[in-house]
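These numbers come from the heavy atoms of this one structure, side chains and all, not from hydrogens, waters or symmetry mates.
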Number of protein chains: 2
Amino acid sequence: MPEAPESPAPGPGTRRPGGRTARTRAAVRDAVLAGLVEHGYPGLTVEYVAEHSGVHKTTLYRRWGSLEGLLADALDLAGEDNWTPPDTGSLEGDLRALAREVVASFTDPVTSVSGSAIIAAAFQSRQAADALSAYYEERFKRCEPLVQRAVERGELPAAREGGIDAGALSRAACAPLFFRLFITREPVDERTADQAAAAAVAAAHAGVFTPARDEERVASASGAKETGTHTQP
Amino acid sequence: MPEAPESPAPGPGTRRPGGRTARTRAAVRDAVLAGLVEHGYPGLTVEYVAEHSGVHKTTLYRRWGSLEGLLADALDLAGEDNWTPPDTGSLEGDLRALAREVVASFTDPVTSVSGSAIIAAAFQSRQAADALSAYYEERFKRCEPLVQRAVERGELPAAREGGIDAGALSRAACAPLFFRLFITREPVDERTADQAAAAAVAAAHAGVFTPARDEERVASASGAKETGTHTQP
């Protein structure tokens, strides 16, 4: 899931697929992430990446253009894993597992540092921000089967019943965690994760992520605004 | 609400309360925010603050200790306004107005820049992170009357019915916006704000933020995980 992109340092004998080019790209990615962890984006230099990847500076500039290009490619590569969303047998179980992955990833002392260094870099580099945005868009796209399974189980409305905005639902299960981690900077744990998942499920069942019911909901809420009555059952 | 801390440049004739010390502090705060907007945290210097506030560098070091101290105090001062949460007559109306304030604040070309510069600085400075955390904690504390009014109107459970976690509820209405603004870096608008508010209200009505029902919910959700049945009405 939308986890902290890791820096998988392969042990001896580990072989990367794709031959020399892929190995070089992975070595460069590892050096970029190590540099981010060590110095943050403002302190990251092409010299550092060259030194730690064993790839010559001239090659780095030729193939990646700039430090920003290096960072964006590291994130692209982090997205090229085979992660799939949890499949526990229920919508709430799946979203809870997803939310717990966010908590685990960003509270793990190793993965959390490079993950938050990339989120930080996006504040300072437009190219890093675009790469981060593309990374999460693709991650949440991978969550669509999770929502589709819930539709098939009858837990969520099918297309004929108005459907469900899968992207909004899976984002809703993760947003409160990222908000606490990186904005209000409060602790998160499995309880926070479970609450975020439960809130997303409740909102889905109330029709908040059902596009066809959107207009209707807004109208009913406006009515409630005038009369002060309940807008939800 | 949890908005982008502004840099209120007072017009001619505007008098700040508190006399000379307060004026100095405000001038220093304005210079810190201007520097953040212009250079970001990595480029902000005490020299810049001295030059733009008209306060001598020696005084800055003596009173604020460091750049981090200057930044933390700027944020403390930003929290010393008289903001109160919206009061529209309904819970959903209030949360929608709150969420829309977040959107307005972080899409406004002036206030958004200093707001996001402070969020960015928190990645690089522990003292800035602590100040940001305190800022938001206090902002959300100010949202408690909003929730209390909903309890009084009978929209949310009173203490005898299990009560409601006001902090979790008001955070839930804002989290999806901050998440899209600063993590997934997707556009936000009034529709996104209204959806976030509606989701928070639905979750509140489903008992997700009712502490006493927490255990019960977790138990019911675990049951659902095994059987694959609905966990929400």
- Arg185(A): what forms a side chain to side chain donor-acceptor pair (under 3.5 Å) with it, not counting sequence neighbours? none
- So which of Ala129(B), Ala122(B), Gly43(B), Gly40(B) has the largest heavy-atom pair count under 4.5 angstrom toward chain A? Ala122(B)
- Item | Toward chain B, the part of Ala204(A) with a non-hydrogen atom under 4.5 Å | neither
- Message: Please classify the contact between Ala172(A) and chain B as side chain, backbone, both or neither, with a heavy-atom cut-off of under 4.5 Å.
- Response: neither
- Task: Select, from Ala196(A), Ala120(A), Ala134(A), Ala168(A), the one with the greatest count of heavy-atom pairs under 4.5 Å involving chain B.
- Result: Ala120(A)
- Item | Check: Val188(A) and Val102(A) side chains under 4.5 Å, non-hydrogen atoms | no
- Classify the angle between the aromatic ring planes of His39(A) and Tyr48(A) as parallel (below 30°), tilted (30 to 60°) or perpendicular (above 60°). perpendicular
- Item | Residue part contacting chain A, namely of Ala200(B), when any heavy atom lies under 4.5 Å | neither
- Message: If I measure from the heavy atoms of chain A, does Glu137(B) come under 4.5 Å with its side chain, its backbone, both, or neither?
- Response: neither
- On the 0 to 90° scale, with breaks at 30° and 60°, tag the Phe178(B)-Phe179(A) ring pair as parallel, tilted or perpendicular. tilted
- Message: Just by distance, no angles: are the side chains of Asp130(B) and Ser133(B) close enough, under 3.5 Å, to form a donor-acceptor pair?
- Response: no
